[in-house]
Amino acid sequence: MSGSSNFRPPAEDAWVHTYQTLLPQWQSLSHSRQSIIPISISRVNQFDAGRLDIEMSAMLKEQLVKVFSLMKPGMLFQYEAELDAFLEFLIWRFSIWVDKPTPGIALMNLRYRNERALEARGKVRTGLEGPGLTVAQKLWYCVATVGGQYIWARLQSFSAFRRWGDSEQRSVARGAWILIQRIEGLYKAASFGNLLLFLYTGRYRNLIERALKARLVYGSPNMNRAVSFEYMNRQLVWNEFSEMLLLLLPLLNSSSMKNLLRPFSKDKSSSSKEDDFACPICQASPTVPFLALPCQHRYCYYCLRTRCAAVPAFRCSRCNEPIVAMQRHVNEPKQ
């Protein structure tokens, strides 16, 4: 009874006070649990976007070179680095600077998102939400992609022209050349490591994007790929087929194929006499007959001469024997 007498009921506003105290903690806990939806951006799309940007720059450069085609030959070659930097600056000015994707990125339905400023929001729909790049990120992107590539290209061409790598040069120039080579080696090693991370995580294609925390995400979750797989498959098949033909055609010889198929022909007896007098290359009667030595089969002079000049180890089209020399055919006088 003494314990029950010491019990005091809570105040009327205690529940309200406790609710107001715990509400901010509960909201922060719910927001922390409501993290960004993990999304997977196609690595192929990101690589294709970079490749399309390179092709777009090449097309613009080709058209610009045609404009200066009447200038002094070799003059435009001296300013090739400046021309490339100018084209890259134009693409950056009318895409990244105005919060728009580059042509290749737009075709792949992608855009840049600032991962540094990304915060968990109360309502997460697709995981693709997030602010674009800041002004500082855009400027640093231009400095790295346009200015950095231009300075590096000029530095390499200048060092090669001055022959800094020669052992006969001064120690300062030699040291600068070694430093350039080491920087290039470190950059390639870092790029290779970044490539492995990109293939594993799907984020940041290059070191510039990783340093700026500029991630490529889908611009619209409901938009399909702009480049058709069917067209790409046709292009790949045709390219492989044409490369195979270019590889096999020099190895094929029409005369050797005829000799290979000759045993399977049906009218060997009827055409044997005609074949002995006709040139086996052009299948016509030789106007200037020559004999192939040592097999002594008759050919046209121009047919045999061109084949022997084109193929040093040319074999006779009739007997498949190597031809080492040629001799003019003299008709024997009739008695």
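Computed over heavy atoms, backbone and side chain alike; hydrogens, waters and symmetry mates excluded.
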Using a side-chain heavy atom cutoff under 4.5 Å and only I, L, V, M, F, W and Y, what cluster partners does [X] have?
X    : answer
F198 : F47, L195, L199
L196 : F192
Y187 : L207

Side chain proximity check, [X] to [Y], heavy atoms < 4.5 angstrom:
X    : Y    : result
D84  : K61  : yes
L60  : L90  : no
P294 : V324 : yes
L133 : I96  : yes
R210 : N206 : no
L110 : P101 : no
L304 : L291 : no
C300 : V288 : no

Y299 ring center near F290 ring center (under 6.0 Å):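 Distance test on ring centres: not under 6.0 Å, no.
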Is there a path of hydrophobic side-chain contacts, each under 4.5 Å between heavy atoms of I/L/V/M/F/W/Y residues, joining [Y] to [X]?
X    : Y    : result
F314 : M326 : yes
I151 : L186 : no
L52  : Y141 : yes
I105 : V98  : yes
L87  : M59  : no

So does R154 have more than 12 non-hydrogen atoms from other groups sitting under 6.0 Å from CZ? yes
Heavy-atom count check: over 12 atoms from other residues, nucleotides or ligands less than 6.0 Å from W140 CH2? no
Any chance the side chains of T145 and E88 put a donor and an acceptor closer than 3.5 Å?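 There is no such pair (donor and acceptor under 3.5 Å, judged by atom type) between the side chains of T145 and E88.
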Once you round to the nearest 0.5 Å, how far does [atom1] of [X] lie from [atom2] of [Y]?
X    : Y    : atom1 : atom2 : result
T102 : F94  : OG1   : CZ    : 14.5 Å
W238 : E243 : CH2   : CD    : 11.5 Å
C316 : R307 : SG    : CZ    : 12.0 Å
I323 : H297 : CD1   : NE2   : 10.0 Å
I208 : C142 : CD1   : SG    : 10.5 Å
E184 : S191 : CD    : OG    : 10.5 Å

Measure from the side-chain N and O atoms of [X] to the backbone N and O of [Y], and report whether any donor-acceptor pair falls under 3.5 Å.
X    : Y    : value
D53  : G104 : yes
Q137 : L212 : yes
R116 : K213 : no
N194 : R205 : yes
Q46  : G202 : yes

When every non-hydrogen atom of P103 is compared with those of I91, the smallest separation belongs to CD-CG2, 4.2 Å
For side-chain contact (heavy atoms from CB on, under 4.5 Å), just list the numbers for L216 and Y204, CA-CA rounded to whole Å, side-chain angles, deciding distance to a tenth of an Å, and then say yes or no. CA-CA 7 Å; L216 285 174; Y204 311 119; over 6 Å; no
Output, in order, the C-alpha distance, side-chain angles, deciding distance and verdict of side-chain contact (heavy atoms from CB on, under 4.5 Å) for N114 and T134. CA-CA 8 Å; N114 184 11; T134 62; 3.7 Å; yes
Less than 4.0 Å between a side-chain N and a carboxylate O, is that true for R111 and D99? no
With the threshold set at 4.0 Å, does a side-chain nitrogen-carboxylate oxygen contact exist between R203 and E209?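 Salt bridge absent between R203 and E209.
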Please evaluate residues Y112 and R215 with respect to the criterion side-chain contact (heavy atoms from CB on, under 4.5 Å), reporting the C-alpha separation (whole Å), side-chain torsions for both, the decisive distance (0.1 Å), and the verdict. CA-CA 5 Å; Y112 276 119; R215 185 187 178 188; over 6 Å; no
Please verify the inter-ring angle class for W92 with W97; under 30° counts as parallel, over 60° as perpendicular, anything in between as tilted. tilted
